[in-house]
Every structure is written in structure tokens, then in C-alpha cells.
Amino acid sequence: RKEVEQDPGPFNVPEGATVAFNCTYSNSASQSFFWYRQDCRKEPKLLMSVYSSGNEDGRFTAQLNRASQYISLLIRDSKLSDSATYLCVVNIYTGGFKTIFGAGTRLFVKA
Amino acid sequence: NAGVTQTPKFRVLKTGQSMTLLCAQDMNHEYMYWYRQDPGMGLRLIHYSVGEGTTAKGEVPDGYNVSRLKKQNFLLGLESAAPSQTSVYFCASSYSAADTQYFGPGTRLTVL
């Protein structure tokens, strides 16, 4: 079982739609969580950190469920510019920190 | 600030050739990383460094070597390239192990 798993998609949605991504992690020693965005043929960039209480940044909402070991990303009112791959990232502490990247979920937003 | 830069952006090698990828960061970060990214797979850590003069193996270190002679630079070497090393290589840096990682633009390497 992979340490971090994501639905690879692709998710094809029309502009204005709401779309949700989930990511599950297997190691209960996971300490911190992030969502990164990666555009085609570009480097990953931090979208937002994920806090235990949940957090929101404009149209984006991230939530963490430690009991079920998953994190989620909700995008409201999708824009064409949201088309990208979204990577789930987990930091695991096992004496030292180890960062695990999910394989990513591809999103296509259509006009 | 330039952030994290990588050179070269593209390279084609023949099997058995060697090359060095250079990563530089101007954020005074202690931690630096080399990843490879292949289709359908997440980023996989090759080697990393927790400070000047230190290096450590990641998940897929075989066939690669690294050096961190200066805090701002992290070099990745391929001594004898193989077709299996065809990939996109990303360098990243962070202030600490638990912090956000900032990535360079990547190097697309093809080994024929």
C-alpha cells in the first residue's frame, strides 16, 4: 500500500463547478500536510497548508481528518486557470522528518 | 530573489555518459533535495542534504551521487547514465524538514 494515495483522475468539470479531491495516508506518525499545485511541465508550488481545524483561502478549502487519515481539497467556482495537477504532501516524523508526495490528481476545467 | 534555480533545463545523453545537474538557492535554506518525477508516479527523493557538507540517501539513490560544498548549491551527478534515468529532475529547498519545500523549474533529461 502506498503511503500517500490519491485518485489520479482526471477530473473534467465545467467552469463554475465545485470539485473535491481526497488523499489518504497510511502512517499515523504523519505530522503536517500540504496541497501543492503543478502545472503542465512546471514545478510543484505550494497551494496551501492543511491545519487540523481546516482552513480556507478564497475558493479553496482544505480539511484534515486524523481519525480516518485523509485530507481533502475543495475548489469552489472552478476557473479555467485551476486546470492543473494537485499533489497531496505528507510529512511523517519517524525520528526525523520524511516528506511523501502523492502521485497527484489531474483537473481539467472546461469552458 | 531568484528562489531555486536549476541548470541545465534540458539535456540528452547517450548511455554511459556522465553529467552534473546544478541547483542553487538564495533563500539561505539549510535543507536541499533532489527528486525525480516519472509519469504516473509521485516525486521520488533521490538524495537530500540537511546542511553544508552533509548528504544523505533518499528513496532511489542508486546511480546518483551528490555534493553540497556550499550552502546555496546542491549538485547531482550521474556517473554512467542509463535509459532508466530518463526523467524530470527537480531540486527543492526548505528552511527545515517540516517546512514548505520550494522547487526549481526542473531539468528534463533523456538518456538514449
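All values below come from the heavy atoms of this structure, side chains included, with hydrogens, waters and symmetry mates left out. A, B, ... follow the sequence lines: proteins, then strands. Residue 1 opens every chain. As the structure is a computational prediction, the values presented were derived from the model and not from experiment.
Per-residue counts of heavy-atom pairs under 4.5 Å with chain A were compared for B:Gly106, B:Gly104, B:Gly58; the largest is that of B:Gly104.
Although no hydrogens or angles enter the test, the distance criterion places a donor-acceptor pair under 3.5 Å between the side chain of A:Gln6 and the main chain of A:Tyr86. Between the side chain of B:Ser49 and the main chain of B:Thr54, a donor-acceptor pair closer than 3.5 Å is present.
B:Tyr89 and A:Leu87 fall into different hydrophobic clusters, defined by Ile, Leu, Val, Met, Phe, Trp and Tyr side-chain heavy atoms under 4.5 Å apart, directly or through other members.
Distance check, rounded to the nearest 0.5 Å: CD of B:Glu30 to CG of B:Asp99 gives 12.0 Å.
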Derivation and outcome, side-chain contact (heavy atoms from CB on, under 4.5 Å), residues B:Phe10 and B:Thr110: CA-CA 8 Å; B:Phe10 303 92; B:Thr110 300; over 6 Å; no

Could you go through the side-chain contact (heavy atoms from CB on, under 4.5 Å) check for A:Tyr36 and B:Gln101 one step at a time? CA-CA 10 Å; A:Tyr36 278 68; B:Gln101 293 186 21; 3.8 Å; yes

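Not counting sequence neighbours, the partners of A:Gln31 by the side-chain contact (heavy atoms from CB on, under 4.5 Å) test are A:Tyr93, A:Phe97. Taking the side chain to side chain donor-acceptor pair (under 3.5 Å) definition, one finds that B:Tyr102 meets it with nothing, sequence neighbours left out.
Note: B:Phe103 and B:Tyr35 have tilted aromatic rings, judged against thresholds of 30 and 60 degrees for the angle between ring planes.
Proximity to chain B among residues 41-74 of chain A is limited to A:Arg41, A:Lys42, A:Glu43, A:Pro44, A:Leu46, judged by heavy-atom separations below 4.5 angstrom. Contact residues of residues 98-111 of chain A toward chain B are A:Thr99, A:Phe101, A:Gly102, A:Ala103 (heavy-atom distance under 4.5 Å).
Contacts between A:Glu3 and chain B at a heavy-atom distance below 4.5 Å are absent for every atom of the residue.
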